Chemist: 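After the structure tokens below, expect a handful of questions from me.
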Amino acid sequence: MRSGLPQTGDLRRRGVTAPAITDQAGPSPRPVRVRIAPSPTGYFHVGGARTALYNWAFARQHGGVFVLRIEDTDTERNKEEWVQGILDALRWIGAEWDEGPYRQSERRALYDESVDRLWAAGALYACDCTREAVLARTKDNPTPGYDGHCRERGLERGPGRALRFAVPDDGVTVVHDLVRGDVEFSNSTIEDFVIVKSNGDPLFVLAVVIDDRDMAISHVIRAEEHLPTTPKAVLLWGALNETGPAVDLPAFAHLPVLVNAKRQKISKRRDRVALEDYEADGYLPEAMANYLSLLGWSPPGGEELFSLDDLVREFRLENVNHSPAFFDNQKLLHFNGLYIRSLTPEEFTRRARAWAAAVHHPLGIELYSSPQWRELAPLVAERVATLADVPAYVEFLFGDSFEIEPASYEKAIAKDAEAGAILSEMRSRLGAVSAWAAEVLKSELEAIAEAHGRKLGKTQAPVRVATLGRTVGLPLFESLEVLGRDETLRRLDAVLAAVS
RNA sequence: GGCCCCAUCGUCUAGAGGCCUAGGACACGACCCUCUCAAGGUCGAGACACGGGUUCGAAUCCCGUUGGGGCUGCCA
């Protein structure tokens with residue numbers, strides 16, 4: 001067994017200096033405050049989890065604060081159950097927040113107040129264009145998007161009228177990105193975007209900017225899909241600074257997105273990527289966190305297995321990759337197996353038990369406190385990739401539910417001309433054996449194998465299938481030792497009766 | 001279409017102009033170990049998208065092409 005797998009904290013260093021975050025964040029050092037801002041419109045997925053992990057690690061590394069903010073401005077699509085799912089997922093993966101959860105739906109007054117200020121300063125204008133009308137006007141336009149139709153119409157604010165931000169006609173807005181460097185956007189390519197819906201509700205762009213200002217967010221670390229809307233936020237931020245208290249713009253860091261096998265951005269409805277599904281499928285949160293952290297970043301020492309403590313110590317935004325990463329379940333599975341094997345027998349038992357209880361497996365959780373389990377646990381851990389695999393390995397211990405897999409029976413007993421003889425000899429030898437111990441059982445079968453001129457591997461197959469039910473599984477003799485003499489003989493007899 | 005981002009083995013990545021005959025991990029193949037299956041060990045196959053520059057020297061810097069992705073909503 002690999003020693004101390006998840007505990008190893010001794011990643012090889014490569015002369016990494018302390019992160020100079022103040023250089024990028026602005027002229028004066030400011031307390032690190034990061035946030036994750038999920039919207040409760042579906043399951044919390046692995047991409048969100050990785051973003052959370054990086055934010056969390058960054059905050060920890062700098063002695064900062066990790067804020068959780070629920071972006072529920074879209075009242076049509078939000079569901080309360082999703083909020084709970086987000087909280088559970090963050091706790092499970094180990095990225096626990098320090099502040100919040102705040103909800104944008106409870107901060108409406110703040111947005112309204114800022115909108116009033118922007119309106120009074122002339123930064124906004126009212127617009128009553130329908131989407132259809134805009135589309136009709138701009139369909140031949142080389143730069144589609146809103147055409148500024150209402151900009152000079154001098155419409156008053158009111159029901160049925162959205163509020164748009166008047167983007168400067170020329171100039172360039174640059175986004176300083178810690179991962180990608182400076183990204184420039186010509187203002188002429190940015191449309192006059194809506195910040196308040198015609199029903200008066202604030203939109204995401206507005207709420208995000210106001211909240212980030214209000215919460216003194218120092219670093220915005222989020223998925224790359226947000227990069228194209230960032231110049232809008234920067235522009236809005238500037239206007240807010242002019243009409244009210246000046247707040248430093250946060251530093252931005254846009255992480256590469258996670259993609260599926262078709263290299264499309266992972267989506268909640270298209271891909272099965274909900275964090276809670278992985279939990280239910282028997283993945284360990286520490287394995288998941290480790291694997292996820294490796295998607296888009298790697299530690300300087302190159303060691304792939306590391307703990308969250310290591311992540312906190314080694315993580316650097318500057319070392320985050322630029323290109324999308326495919327979520328490879330095969331590798332996750334491998335990591336999960338490694339982590340399972342690194343668990344102490346007690347801890348493995350605790351996890352396996354909790355998992356079995358959580359899914360209401362028919363085996364019943366009392367198995368996990370039995371002496372039989374204690375014997376077999378290390379042998380099981382060596383063979384499983386997820387905790388969900390555990391029950392199948394110990395099913396044979398349950399007399400009630402014991403049954404022989406047809407395919408295994410066919411292969412190892414029905415098609416083996418000597419199977420009947422081997423089983424019968426084994427039955428009589430085991431009936432007479434003095435001590436019921438794995439070593440003894442093994443030597444009995446070895447004697448039979450020799451008599452038949454067969455290899456032990458081939459000779460054990462019929463016995464295995466008759467007593468354990470399948471051609472594959474835990475080591476035979478250890479299993480029989482735990483099964484006990486009575487039950488072993490009973491099963492041999494049952495098969496013998498059927499063969500003759 | 002427009003804007004933006006990206007480009008090293010099948011996949012995740014190392015690579016900061018000479019340390020590269022391009023390293024590691026997953027997956028794959030072979031072998032060893034072995035009572036099955038695993039686990040573990042050894043070995044192997046496998047990549048710098050293409051074309052131009054810059055340079056004594058380019059996976060690394062610049063430009064272009066191609067390809068992929070994201071955004072383009074009164075969603076987030």
Side-chain angles (χ1 to χ4, degrees), chain A residues 1-2 37-42 71-74 76-78 104 127 129-131 141-146 161-164 175 177 179-180 183-186 188-191 193-201 203-205 207-208 223-231 254 256-257 259 261-265 291 294-298 300-305 321-335 337-338 341 379-385 393 408 412 438 441-442 445-446 449 455-461 463-465 468 470-478:
Chain A
M1 172 179 288
R2 303 280 289 266
S39 63
T41 56
E71 310 249 312
D72 55 357
T73 51
D74 186 359
E76 308 263 306
R77 299 199 306 158
N78 296 318
Q104 290 187 328
C127 170
C129 297
T130 61
R131 182 165 163 73
N141 201 320
T143 49
Y146 186 70
R161 287 174 182 172
L163 259 30
R164 290 184 182 270
V175 174
D177 190 292
V179 171
R180 285 152 216 282
V183 183
E184 294 186 357
F185 297 82
S186 295
S188 61
T189 65
I190 305 172
E191 65 176 331
F193 52 98
V194 174
I195 65 167
V196 177
K197 293 196 210 181
S198 53
N199 69 4
D201 284 349
L203 241 21
F204 163 79
V205 258
V208 168
E224 189 193 2
E225 63 202 80
H226 293 284
L227 185 51
T229 61
T230 306
H254 288 96
V257 294
V259 296
K262 291 161 73 181
R263 304 220 61 99
Q264 294 168 312
K265 183 179 76 169
Y291 175 67
L294 238 22
L295 259 26
W297 175 82
S298 60
E303 175 57 69
E304 290 199 319
L305 299 167
N321 287 128
H322 297 184
S323 41
F326 170 63
F327 185 90
D328 183 5
N329 216 353
Q330 293 262 46
K331 190 159 180 176
L332 203 214
L333 224 35
H334 178 255
F335 272 42
L338 253 24
R341 261 160 259 131
L379 300 176
V380 174
E382 202 167 285
R383 287 167 174 76
V384 297
Y393 277 97
S408 293
L441 306 182
K442 183 180 183 184
L445 191 67
E446 278 169 344
K455 296 215 172 205
L456 188 57
K458 186 157 169 55
T459 313
Q460 58 92 45
V463 178
R464 168 181 296 278
V465 170
L468 307 186
R470 291 172 56 196
T471 53
V472 300
L474 263 21
L476 176 62
F477 308 110
E478 283 79 356

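Just so we're clear, the structure is a prediction, and the values are computed from it rather than from any experiment. Just so it is clear: chains get the letters A, B, ... in the order the sequence lines come, proteins before strands, and each one is counted from 1.
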Chemist: Let me know the distance between CZ of Phe477(A) and P of C37(B), rounded to the nearest Å.
Modeler: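 One finds 14 Å between P of C37(B) and CZ of Phe477(A), rounded.
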
Chemist: What contact category does Gly457(A) fall into here, base, sugar-phosphate, or nothing, at under 4.0 angstrom with non-hydrogen atoms?
Modeler: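 It contacts sugar-phosphate atoms only.
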
Chemist: Taking only N and O in the side chain of Lys265(A), is any of them less than 4.0 Å away from OP1 or OP2 of C71(B)?
Modeler: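 So the side chain of Lys265(A) is within the cut-off, an N or O lying under 4.0 Å from OP1 or OP2 of C71(B).
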
Chemist: Show the distances under 3.5 angstrom between N or O atoms of the protein and N or O atoms of nucleotides 74-76 of chain B.
Modeler:
unit_1: C74(B); atom_1: O2; unit_2: Ser198(A); atom_2: N; d: 2.8
unit_1: C74(B); atom_1: O2; unit_2: Ser198(A); atom_2: OG; d: 2.8
unit_1: C74(B); atom_1: N3; unit_2: Ser198(A); atom_2: OG; d: 2.9
unit_1: C74(B); atom_1: N4; unit_2: Cys129(A); atom_2: O; d: 3.1
unit_1: C75(B); atom_1: OP2; unit_2: Lys197(A); atom_2: NZ; d: 2.8
unit_1: C75(B); atom_1: O2'; unit_2: Asp74(A); atom_2: OD2; d: 2.4
unit_1: C75(B); atom_1: O2'; unit_2: Arg77(A); atom_2: NE; d: 3.3
unit_1: C75(B); atom_1: O2'; unit_2: Arg77(A); atom_2: NH2; d: 3.0
unit_1: C75(B); atom_1: O2; unit_2: Arg77(A); atom_2: NH2; d: 2.9
unit_1: A76(B); atom_1: OP1; unit_2: Thr73(A); atom_2: OG1; d: 2.4
unit_1: A76(B); atom_1: OP1; unit_2: Asp74(A); atom_2: N; d: 3.3
unit_1: A76(B); atom_1: OP2; unit_2: Phe204(A); atom_2: N; d: 2.9
unit_1: A76(B); atom_1: O3'; unit_2: Glu71(A); atom_2: O; d: 3.4
unit_1: A76(B); atom_1: O2'; unit_2: Ser39(A); atom_2: OG; d: 3.1

Chemist: If you find the nucleotide of RNA chain B closest to Phe326(A) and the one closest to Leu456(A), which residue's nucleotide is nearer the 5' end?
Modeler: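 So the residue in question is Phe326(A).
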
Chemist: Rounded to whole angstrom units, what separation is found between the CG atom of Leu476(A) and the C1' atom of C35(B)?
Modeler: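 The distance from CG of Leu476(A) to C1' of C35(B) comes to 7 Å, rounded to the nearest Å.
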
Chemist: Atom NZ of Lys262(A) to atom C1' of G67(B): distance rounded to whole Å?
Modeler: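 The answer, rounded to whole Å, is 17 Å.
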
Chemist: Check the pair Leu294(A) / Phe335(A) against side chain to side chain contact (heavy atoms under 4.5 Å, CB included), numbers first and verdict last.
Modeler: CA-CA 11 Å; Leu294(A) 238 22; Phe335(A) 272 42; 3.7 Å; yes

Chemist: Could you list all N or O pairs between the protein and nucleotides 3-9 of chain B that sit under 3.5 Å apart?
Modeler:
unit_1: C5(B); atom_1: O2'; unit_2: Arg180(A); atom_2: NH1; d: 2.6
unit_1: C5(B); atom_1: O2'; unit_2: Glu224(A); atom_2: OE2; d: 2.5

Chemist: What does nucleotides 45-51 of chain B look like as a protein-contact string, B for base, S for sugar-phosphate only, - for none, at under 4.0 angstrom between heavy atoms?
Modeler: -------

Chemist: So what does Gly296(A) touch, heavy atoms closer than 4.0 Å: a base, only the sugar-phosphate, or nothing?
Modeler: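 Counting heavy atoms under 4.0 Å across all strands, the contact made by Gly296(A) is with sugar-phosphate only.
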
Chemist: On a heavy-atom basis, which atom in Val179(A) and which in His322(A) lie closest, and how many Å separate them?
Modeler: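 Heavy atoms only, the tightest pair is O-NE2, 2.9 Å.
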
Chemist: Do any N or O atoms of the protein come closer than 3.5 Å to N or O atoms of nucleotides 25-27 of chain B, and which pairs are they?
Modeler:
unit_1: A25(B); atom_1: O4'; unit_2: Glu304(A); atom_2: OE1; d: 3.3
unit_1: A25(B); atom_1: O2'; unit_2: Glu304(A); atom_2: OE1; d: 2.6
unit_1: A25(B); atom_1: N3; unit_2: Lys331(A); atom_2: NZ; d: 3.2
unit_1: C26(B); atom_1: OP1; unit_2: His334(A); atom_2: NE2; d: 3.3
unit_1: C26(B); atom_1: O2'; unit_2: Lys331(A); atom_2: N; d: 3.3

Chemist: With sequence neighbours left out, write down each residue that passes salt bridge (charged side-chain N to carboxylate O under 4.0 Å, His left out) with Asp201(A), or none if nothing qualifies.
Modeler: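 Counting only residues at least two positions away or on another chain, Asp201(A) forms a salt bridge (charged side-chain N to carboxylate O under 4.0 Å, His left out) with Arg108(A).
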
Chemist: Roughly how many Å apart are G53(B) and U60(B), using the C1' atom of each and rounding to a whole number?
Modeler: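 It comes out at 15 Å once rounded to the nearest Å.
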
Chemist: Please evaluate the base of U36(B) for a donor-acceptor partner in the side chain of Arg383(A) within a cut-off of under 3.5 Å?
Modeler: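 By the distance-only test, yes, there is a pair.
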
Chemist: What's the gap between G64(B) and U54(B) when it is taken at their C1' atoms, as a whole Å value?
Modeler: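 Their C1' atoms lie roughly 15 Å apart.
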
Chemist: Taking all non-hydrogen atoms of both residues, which atom of Glu478(A) and which atom of Ala438(A) are closest, and how far apart?
Modeler: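 Here Glu478(A) and Ala438(A) meet closest at N-CB, 4.0 Å.
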
Chemist: May I ask you to say what Leu474(A) touches in the nucleic acid, namely base, sugar-phosphate or nothing, with a heavy-atom cut-off under 4.0 Å?
Modeler: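 Base contact.
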
Chemist: Quickly work out the Arg263(A) CZ to G70(B) C1' distance and round it to whole Å.
Modeler: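 Computing the Arg263(A):CZ to G70(B):C1' distance gives 13 Å.
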
Chemist: Send over the distance from Arg464(A) CZ to A38(B) P, rounded to a whole Å.
Modeler: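 Going from CZ in Arg464(A) over to P in A38(B) covers 12 Å.
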
Chemist: Within the distance-only criterion (no hydrogens, no angle test), does the side chain of Asp72(A) pair as donor or acceptor with the backbone N or O of Asn78(A) below 3.5 angstrom?
Modeler: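 Not confirmed, Asp72(A) side chain does not pair with Asn78(A) backbone.
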
Chemist: Nearest whole Å is fine: how far is U34(B) P from Glu446(A) CD?
Modeler: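 Those two atoms, CD and P, are 12 Å apart.
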
Chemist: Using 0.5 Å steps for rounding, measure from the OH atom of Tyr291(A) to the CG atom of Leu333(A).
Modeler: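 One finds 11.0 Å between OH of Tyr291(A) and CG of Leu333(A).
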
Chemist: Rounded to whole Å, how long is the line connecting atom NZ of Lys458(A) with atom P of U34(B)?
Modeler: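 Distance, rounded to whole Å: 20 Å.
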
Chemist: When rounded to the nearest 0.5 angstrom, what is the spacing between CZ in Phe477(A) and CG in Leu445(A)?
Modeler: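 The CZ atom of Phe477(A) sits 4.5 Å away from the CG atom of Leu445(A).
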
Chemist: Within the structure shown, what part of the strands sits under 4.0 Å from Asp201(A) by heavy-atom distance: base, sugar-phosphate, or nothing?
Modeler: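 No contact at all - Asp201(A) keeps every heavy atom at 4.0 Å or more from the nucleic acid.
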
Chemist: With rounding to the closest Å, how many angstrom separate the P atoms on G23(B) and A47(B)?
Modeler: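 These two P atoms come out 11 Å apart once rounded.
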
Chemist: Can you name the closest pair of heavy atoms from Glu71(A) and Pro40(A) and give their distance?
Modeler: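 Scanning both residues, the minimum pair turns out to be O-CD, 3.5 Å.
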
Chemist: Under the ring-ring contact (aromatic ring centres under 6.0 Å, His included) rule, collect the residues that match up with His334(A), sequence neighbours excluded.
Modeler: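 Applying ring-ring contact (aromatic ring centres under 6.0 Å, His included) to His334(A) gives none.
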
Chemist: Looking only at non-hydrogen atoms, find the nearest pair between Phe204(A) and Thr73(A) and report the distance.
Modeler: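 For Phe204(A) versus Thr73(A), the nearest heavy atoms are N-OG1, 4.1 Å.
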
Chemist: Is Ala325(A) touching bases, backbone alone, or none of the nucleic acid, heavy atoms closer than 4.0 Å?
Modeler: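 The residue Ala325(A) makes sugar-phosphate contact but no base contact.
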
Chemist: Take atom CG of Asn321(A) and atom C1' of A16(B), then tell me their distance rounded to the nearest Å.
Modeler: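 That distance rounds to 14 Å.
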
